[in-house]
Amino acid sequence: MTEKPLYILAIESSCDDTAAALLQNEKVLSNVVARQAVHEEYGGVVPELASRAHQQNIVPVIDVALKKAGVERTQLSAVAFTQGPGLMGSLLVGSSFAKSMAMALQVPLIAVNHMQAHILAHFIDEEGYDKPTFPFLAMTISGGHTQIVKVNDYFDMEVIGETTDDAVGEAFDKSAKILGLPYPGGPLIDKYAKEGNPKAFAFTKPKVPGLDFSFSGLKTQILYFIQKNVAENPDFVAQNRNDICASIQYTIIKILMEKLKMAVAETGIKQVAIGGGVSANSGIRTALQEAEKKYGWKSYIPKFEYTTDNAAMIGIVGYHKYKKQMFNDSAVASKARIAL
Ligand code: KG4
Ligand code: ZN
């Protein structure tokens, strides 16, 4: 007899995206994200505006996720939601909604760690996608995170390296801002870098011990470099945009790859999975392909919609927690900071 499938409704609201997804076991039936454009003019996420926008978006986003999946509320097996880390005012919107819904439907409530979810996103069923096997290394790189994690099992993970200041996505976005590019500037740096010379300008890499990262020094270095050159030639940025972007990207990717190489050497694990918005970067993708050829690594990059902040990744954790009966009661508290 085949087992009845599980239908998990997942809600993600840790930062500036309101997201809901419906999973049938490990398969995604719908994955809906309402991005908040309100932050663009501020050059970064404004927490107070984010929580207000979540309140406006959450009901329609969940409705659309259910409709797209063709699943009725009464069919739901559980409701999973992001417990943290994230912005408290944003997290509370998703958690309150998830709690009321689970209570009303009398189904289990499952609290999910957002960082675990970025990693377990690799286990979503997707045609043609080879899932990693344990143990593997996961590098989560986004506007909010920069971590290297040794993943021994679904719920046995160890952070072996992380940023001591800015996240790598912030390094991209802040550099872009210095160049006068709009927020978020990461994808634009990537775009212009393709037309530029990565060795045109040399930036020094920060010296950070072990597997940890630091990006704030690089940002300051870029700022002084631009200020100095613009003082001599007001058109410096316009005349050298592609070369500047290529040189910045080259330096950032070099920092990431050097730490990954160290992590592989230290652990002996050659399976490397990346996630988070910065995994869309063409430089990191090329670098990983080269490492596959040169060092025999196997790299994993999930579909873009599962790698930026989304609720499908919360749903896959919900599924694996359900299988282990890892449920929460409605007293479970949202947490701005939370360990893996
Ligand atoms: O995962 P994400 O959508 O949200 C979180 O920050 O959690 O990641 C967004 C970040 C931004 O910093 C954005 O500039 C960066 O990912 N990003 C990129 C690229 N696409 C997105 N950075 C560099 N190159 C890209 N192609
Ligand atoms: Zn995230």
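A quick note: this is a predicted structure, and the numbers were derived from the prediction, not measured. In listed order, ligands and their atoms are each counted from 1. Here, residue 1 is the first one in the sequence, and each next residue gets the next number. Basis for what follows: all heavy atoms, side chains included, without hydrogens, waters or symmetry-related copies.
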Parallel, tilted or perpendicular: rings of H114 and H145 (30°, 60°): tilted

Proximal atoms of ligand 1 relative to P184 (non-hydrogen, under 4.0 Å): 14 (O)

N, O or S from C15 under 2.8 Å to the Zn ion (ligand 2): no

For atom 15 (C) of ligand 1, the protein heavy atom that lies nearest, with its residue and separation: V278 CG2, 3.9 Å

Protein contact of atom 22 (N) of ligand 1 - nearest heavy atom, named by residue and atom, plus distance: G186 CA, 3.5 Å

Aromatic plane relationship, F136 with Y300 - under 30° parallel, 30 to 60° tilted, over 60° perpendicular: tilted

Protein heavy atom at shortest distance from atom 17 (N) of ligand 1: G277 O, 3.7 Å

Side-chain ion pair, R241 and D235, N-O less than 4.0 Å: no

Which of the ligand 1 atoms, numbered from 1, are nearer than 4.0 Å to a heavy atom of G144: 6 (O)

Selection from G185, C15, S175, P187 by shortest heavy-atom distance to atom 25 (C) of ligand 1: P187

Under-4.0 Å salt bridge between K131 and E26: yes

Worked verdict on K259 versus D212 for salt bridge (Lys or Arg N to Asp or Glu O under 4.0 Å): CA-CA 8 Å; K259 295 291 175 165; D212 285 341; over 6 Å; no

Pairing of K294 and E290 as salt bridge, 4.0 angstrom limit: no

Identity and separation of the nearest protein heavy atom to atom 26 (N) of ligand 1: D190 OD2, 2.9 Å

Main-chain N/O of A50 paired to Q36 side chain as donor or acceptor, under 3.5 Å: yes

Shortest-distance N/O/S atom, D309 versus the Zn ion (ligand 2): OD1

Centroid-centroid distance, F123 to Y154, less than 6.0 Å: yes

Identity of the nearest option to atom 12 (O) of ligand 1, non-hydrogen atoms only, from D173, D309, I284, N281: D173

Proximal candidate to atom 10 (C) of ligand 1 [heavy atom criterion; set G276, G169, G143]: G143

Heavy atom of the protein closest to atom 3 (O) of ligand 1 (residue, atom name, distance): T308 CB, 3.3 Å

